[in-house]
There are 2 protein chains.
Amino acid sequence: MEKTATRGRPREFDVEQALGAALRVFWDKGYESASLTDLTDAMGITRPSLYAAFGNKEALFKRALDLYESEKLNYIHCAVTAHTAKEVARRLLEGAIDTMTGECRGCMHVTVSVINDANSVREEVLARSNSCFDVITARMQRAADEGDFTQNTDVAGLTRYLVALVQGMAVQSGQGATRAELTQIMDTALAQWPSR
Amino acid sequence: MEKTATRGRPREFDVEQALGAALRVFWDKGYESASLTDLTDAMGITRPSLYAAFGNKEALFKRALDLYESEKLNYIHCAVTAHTAKEVARRLLEGAIDTMTGECRGCMHVTVSVINDANSVREEVLARSNSCFDVITARMQRAADEGDFTQNTDVAGLTRYLVALVQGMAVQSGQGATRAELTQIMDTALAQWPSR
DNA sequence: TCTTTTCCATATCGTCCGGTATATATGACG
DNA sequence: CGTCATATATACCGGACGATATGGAAAAGA
């Protein structure tokens with residue numbers, strides 16, 4: 001999609017690196033609270049360079065969101081390949097902990113969607129958040145069909161429950177919880193999981 | 001604390017009612033995203049009236065936070081009076097659902113604390129959030145001392161787990177989850193609870 | 001009624017916001 | 001080298017932000 005224009009003065013900064021820096025800012029502050037000054041400072045570029053490379057703040061955010069999902073939420077698609085529902089849950093919670101104790105705290109979907117602001121970006125994040133939910137629901141439904149649960153289990157409820165745990169860990173992580181404390185949550189949940 | 005000055009022209013609006021309106025705005029939008037225009041529109045007063053009655057935006061927020069805790073989070077102090085740990089959990093989750101499906105969605109503590117902004121108000125909210133956590137921890141520790149759990153239970157972990165569920169429900173509620181969907185989460189959690 | 005006190009309405013302050021116009025620097029191509 | 005296309009740097013735009021100065025309206029006390 002990027003034009004490989006050789007004509008003219010070449011760009012002095014690395015677009016992917018700048019995008020990574022922008023992601024970290026949005027991840028921390030959400031959309032509205034991340035100012036252009038925050039962004040350009042973190043990206044090490046000037047305002048006109050940002051607009052030339054990405055269009056505007058909203059387009060930059062969507063690019064950052066794509067990067068977030070492909071690099072930071074890939075653990076979800078990885079987790080659903082596990083062979084049992086409990087192993088799916090374990091990998092989901094572990095993946096969440098790894099992501100949330102890495103370069104930034106919390107979850108970008110949560111951070112952006114929690115504020116009931118009428119900004120255009122929230123709808124996009126909600127849709128993507130629901131998409132993650134659907135992936136897990138489908139996997140849990142398969143587990144139910146395969147007789148993976150010890151008792152009659154409400155699949156939608158169990159999925160919502162699992163996602164709520166991840167979102168709760170995101171909140172606590174953003175509030176300063178350590179990796180050990182997040183692991184306590186995971187261990188407590190897995191000790192109660194309704195299947196082998 | 002309010003001066004009962006009979007001298008001069010009396011105030012034309014009801015302070016408590018205006019405070020309730022301000023609470024709903026902060027509850028929806030958090031601190032920074034709630035503009036003075038949002039607030040005065042909802043409160044039905046003008047800017048100078050707001051400043052005369054409450055001092056400034058930050059002071060108004062703290063007053064609203066007090067109101068939120070005394071009117072909306074009282075279910076926590078009510079829940080910990082239950083006789084078993086499981087009943088405590090049930091009342092906590094039920095109270096959370098009731099609060100989050102009332103006049104506003106989500107949890108004000110969550111909304112304000114997820115944004116990693118350096119504003120002065122966040123620290124206050126984090127402290128109060130931790131205070132809620134401590135109340136539940138103390139109750140769960142008592143339950144453990146009274147032999148309330150079926151297996152050896154990590155009290156801090158179980159508390160974090162329970163709080164994570166409430167916070168996750170807050171996130172989903174803010175994302176549009178219905179009361180029935182939140183109840184699914186509660187039912188799933190209680191069906192697995194590690195005690196009678 | 002007159003003074004005092006406080007409230008309300010309007011208009012405005014300085015600052016930061018997202019976004020851009022203008023001018024200059026730099027490198028590819030002929 | 002000269003030309004052209006594009007990047008960068010500076011300074012700026014209109015608008016929204018939190019907060020206030022100012023002036024008139026209204027009610028209590030003398």
Side-chain angles (χ1 to χ4, degrees), chain A residues 1-19 21-22 25-26 28-65 112 115 117-122 124, chain B residues 1-19 21-22 25-26 28-65 112 115 117-122 124:
Chain A
M1 206 57 58
E2 295 275 328
K3 247 207 289 194
T4 56
T6 56
R7 298 278 282 270
R9 178 178 171 179
R11 190 171 276 131
E12 286 183 1
F13 63 93
D14 182 318
V15 172
E16 290 305 315
Q17 184 177 328
L19 187 58
V25 174
F26 284 128
D28 263 352
K29 305 200 171 189
Y31 182 69
E32 301 274 9
S33 296
S35 71
L36 279 184
T37 302
D38 293 334
L39 290 165
T40 52
D41 283 355
M43 299 165 84
I45 63 178
T46 61
R47 242 169 250 234
S49 296
L50 189 155
Y51 277 82
F54 300 100
N56 58 19
K57 185 184 176 183
E58 185 173 333
L60 172 62
F61 177 83
K62 289 184 179 173
R63 287 280 302 269
L65 195 55
V112 174
I115 302 260
D117 204 304
N119 76 62
S120 55
V121 156
R122 200 176 107 96
E124 177 80 20
Chain B
M1 206 56 60
E2 295 275 329
K3 249 208 286 196
T4 57
T6 57
R7 297 278 281 270
R9 178 177 172 181
R11 190 171 277 132
E12 285 184 1
F13 63 93
D14 183 318
V15 172
E16 291 304 316
Q17 183 177 328
L19 188 58
V25 175
F26 284 129
D28 263 352
K29 305 201 171 189
Y31 182 69
E32 301 273 9
S33 296
S35 72
L36 278 184
T37 302
D38 292 333
L39 291 165
T40 53
D41 284 355
M43 299 165 84
I45 63 177
T46 60
R47 242 167 249 235
S49 296
L50 189 153
Y51 278 82
F54 300 100
N56 58 20
K57 186 182 176 183
E58 184 173 333
L60 172 62
F61 176 83
K62 289 185 180 173
R63 287 280 302 271
L65 195 55
V112 175
I115 302 261
D117 203 306
N119 76 62
S120 55
V121 158
R122 200 174 107 95
E124 177 79 20

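First the proteins, then the strands, lettered A, B, ... as listed; each starts at 1.
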Can you name the residues that form a salt bridge (Lys or Arg N to Asp or Glu O under 4.0 Å) with E124(B), not counting sequence neighbours?
R128(B)

Anything under 3.5 Å between a protein N or O and an N or O of nucleotides 23-27 of chain C, put it in a table, one pair a line.
unit_1, atom_1, unit_2, atom_2, d
dA25(C), N3, R9(A), NH1, 2.9
dT26(C), O4', R9(A), NE, 3.3

At under 4.0 Å, does any side-chain N or O of S49(B) touch on OP1 or OP2 of dC8(C)?
yes

For E58(B), check side chain to side chain contact (heavy atoms under 4.5 Å, CB included) against everything at least two apart and list the hits.
Y31(B), N56(B), K62(B), S120(B), V121(B)

Calculate the interatomic distance between N56(A) atom CG and dG19(C) atom C1'; express it in whole Å.
9 Å

Roughly, in whole Å, what's the span from CZ in R11(A) to P in dA9(D)?
13 Å

Rounded interatomic separation in angstrom, taking CG from D41(B) and P from dA16(D)
13 Å

Over how many whole Å does the gap from L50(B) atom CG to dT6(C) atom C1' extend?
17 Å

Which residues pass the side chain to side chain contact (heavy atoms under 4.5 Å, CB included) test with D38(B), not counting sequence neighbours?
V25(B), K29(B), S35(B)

Residues at least two apart in sequence or cross-chain that pass side chain to side chain contact (heavy atoms under 4.5 Å, CB included) with D117(B), listed by chain then number, are S33(A), E32(B), I115(B), N119(B)

Between K57(B) and A34(B) (side chain of the first, backbone of the second, donor and acceptor by atom type, cut-off under 3.5 Å), is there such a pair?
yes

Heavy-atom check, side chain of V112(A) versus side chain of F26(A), under 4.5 Å
no

Over how many whole Å does the gap from L39(A) atom CG to dG18(C) atom P extend?
8 Å

Just jot down the side-chain hydrogen bond (donor to acceptor under 3.5 Å, both in side chains) partners of E12(A), sequence neighbours excluded, or say none.
R9(A)

Write down the distance between CE (M43(B)) and P (dC7(C)), rounded to a whole number of angstrom.
14 Å

Residues passing the side-chain hydrogen bond (donor to acceptor under 3.5 Å, both in side chains) test with S49(B), sequence neighbours excluded, are T46(B)

In whole angstrom, what separates F13(B)'s CZ from dC7(C)'s C1'?
9 Å

Expressed as a whole number of angstroms, how long is the span from K29(A):NZ to dG18(C):P?
11 Å

Taken in chain and number order and not counting sequence neighbours, the residues that satisfy side chain to side chain contact (heavy atoms under 4.5 Å, CB included) with E16(A) are D14(A), L19(A), R63(A)

In 5'-to-3' order, the base (B), backbone-only (S) or no-contact (-) status of each nucleotide in nucleotides 10-17 of chain C, using a 4.0 angstrom heavy-atom cut-off, is B------S

